[in-house]
Number of protein chains: 2
Amino acid sequence: MSPTLPDMICFALYSANQAMQRVYAPLLQKLGLTYPQYLVMLSLWQADGQTVGDLGRALGLESNTVTPLLKRMEAQGLVARSRDGADERQVRVALTDHGRGLQDQVQPLTACIIEACGMPPAEIAELRDRITALRDRLRQAG
Amino acid sequence: MSPTLPDMICFALYSANQAMQRVYAPLLQKLGLTYPQYLVMLSLWQADGQTVGDLGRALGLESNTVTPLLKRMEAQGLVARSRDGADERQVRVALTDHGRGLQDQVQPLTACIIEACGMPPAEIAELRDRITALRDRLRQAG
DNA sequence: TGGTATTCAATCGCTCACGATTAAATCGCA
DNA sequence: TGCGATTTAATCGTGAGCGATTGAATACCA
């Protein structure tokens, strides 16, 4: 007997991530962002001018995913990409005024998500920490 | 200030799911399965002959994702698809002998994953339940 | 200094996910 | 009985994610 789908933590993560993205998607769409684009923006609002590699490390993605993602974001006027002067191998990603301006508009999102989670913020934070700890163990195993 | 990427439970889910799939992928590849295909197989091993709609509900996916997925699985000889005689709208998905036979080969996987999680099974189960509860609340909110 | 190794981003091909739409079968009800 | 509403898969186009590879810039070192 193989285990049941609902019994598996891999499916719990798969379907919870799915559900989370489905809550975010319609809210982000109003700002013209997809979910992965939102994650990139979060990272850039934190530290503007990161390289493609920096962003990849922050998101856990390789250039084969990040580069096309950033190209679409550049086409939408969210970021600008340019080779680093000191090291021409690296590409720096800078927020445009529009991209920077979106930060104010995502402010109300946080409350929506907390509401959707249906549990007190402290409990969310505790669950987040345990999920993060699991992730780090899985990364180490890989 | 927008919150930091590591502070957000959405990113915890995103990156933990990513890490889990990355542990599974090389193991499943030896069996000729992708991760979503593995989830389909788990569901079919549990109940053979489900319809496309049944599988979609089990996985939380629509036919626009499930149909091509099943077509690829059919091309690989894992399943057979056929219209239901009593209701021609529905398509029933049956395991082939090969597909059924794979169940034995995934047996050792469970131990690998528990190992990779780096925590006792009881703790995994508890975390799984909390993630599942979060997912169900998010689904209700959407 | 010259030549090799490494780093970094990009490209290609494939799978998956999803919004929107379509076509066919079935249902329900006047 | 027949016709409109609903259900069910399938299709299409786009964005992500990833294994494998490539090409250019830099680092390293004999």
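All chains are named by letter (A, B, ...) in the order of the sequence lines, taking the proteins before the strands, and each is independently numbered beginning at 1. If you're wondering where the values come from, they're calculated on a predicted model, not measured in any experiment.
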(message) Assuming nearest nucleotide by heavy-atom distance, tell me which of A/E62 and A/D84 is located more 5' along DNA chain D.
(response) A/E62
(message) Which is more 5' along DNA chain D, the nucleotide nearest A/G85 or the one nearest B/P68? Just name the residue.
(response) B/P68
(request) Decide yes or no, distance alone: a donor-acceptor N/O pair under 3.5 angstrom between the base of D/dA10 and the side-chain of B/S63. (result) yes
(request) Check if the side chain of A/N64 and the base of D/dG17 share a donor-acceptor pair of N or O atoms closer than 3.5 Å. (result) no
Side chain of [X] - closest among [options]:
| X | options | result |
| --- | --- | --- |
| A/T51 | C/dC16, C/dA9, C/dC18 | C/dA9 |
| B/L69 | C/dA20, D/dA20, C/dC16 | C/dC16 |
| A/P36 | D/dA20, D/dA16, C/dC18 | D/dA16 |
| B/T65 | C/dA17, D/dC12, C/dA9 | C/dA17 |
| B/T34 | C/dC16, D/dC12, D/dC18 | C/dC16 |

Looking for any heavy atom pair under 4.0 Å, which part of the strands does [X] touch: base, sugar-phosphate only, or nothing?
| X | value |
| --- | --- |
| A/R81 | sugar-phosphate |
| A/Q21 | nothing |
| B/R83 | sugar-phosphate |
| B/D87 | sugar-phosphate |

(message) For the backbone of B/L55 and the side chain of B/S43, can you confirm whether one donor and one acceptor N or O come within less than 3.5 Å of each other?
(response)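 No; judged by distance alone, with no hydrogens or angles, the pair does not exist.
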(message) Can you confirm whether the side chains of A/R92 and A/T51 place a donor and an acceptor under 3.5 Å from each other?
(response) no
(request) Please tell me which of B/R89 and A/Q29 maps to the more 5' nucleotide of DNA chain C, matching each residue to the nucleotide holding its nearest heavy atom. (result)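 Counting from the 5' end, the first nearest nucleotide belongs to A/Q29.
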(request) With DNA chain C as reference, determine whether A/A25 or A/V66 sits nearer its 5' end, using the nearest nucleotide of each. (result)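 Result of the comparison: A/V66.
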d([atom1], [X]; [atom2], [N]) in whole Å:
| X | N | atom1 | atom2 | answer |
| --- | --- | --- | --- | --- |
| B/E88 | C/dA23 | CD | P | 19 Å |
| A/Y24 | D/dA16 | OH | C1' | 18 Å |
| B/R57 | D/dA9 | CZ | C1' | 12 Å |
| B/R72 | D/dA10 | CZ | P | 13 Å |
| A/L61 | C/dC8 | CG | P | 16 Å |
| B/L33 | C/dT15 | CG | C1' | 13 Å |
| A/L39 | D/dG17 | CG | P | 8 Å |
| A/L70 | D/dG15 | CG | P | 14 Å |

(request) Could you walk me through whether B/D48 and B/R100 pass the salt bridge (charged side-chain N to carboxylate O under 4.0 Å, His left out) test, one step at a time? (result) CA-CA 9 Å; B/D48 198 358; B/R100 218 176 347 264; 3.4 Å; yes
(message) Check this one for me: any side-chain N or O of A/Y14 less than 4.0 Å away from OP1 or OP2 of C/dA17?
(response) yes
(message) Can you see if the side chain of A/K71 gets near the phosphate of C/dA9 - specifically, an N or O under 4.0 Å from OP1 or OP2?
(response)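 False: A/K71 side-chain N/O out of range (4.0 Å or more) of C/dA9 OP1/OP2.
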(message) Using 30° and 60° as the class boundaries, would you call the ring planes of B/Y24 and B/Y38 parallel, tilted or perpendicular?
(response)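 Correct class here is tilted.
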(request) Check step by step if salt bridge (charged side-chain N to carboxylate O under 4.0 Å, His left out) holds for A/R81 and A/E74. (result) CA-CA 7 Å; A/R81 300 181 310 137; A/E74 186 172 44; 3.1 Å; yes
(request) Take A/R130 and B/E126 through the test salt bridge (charged side-chain N to carboxylate O under 4.0 Å, His left out) and record every step on the way to the result. (result) CA-CA 11 Å; A/R130 294 186 58 182; B/E126 200 249 334; 2.9 Å; yes
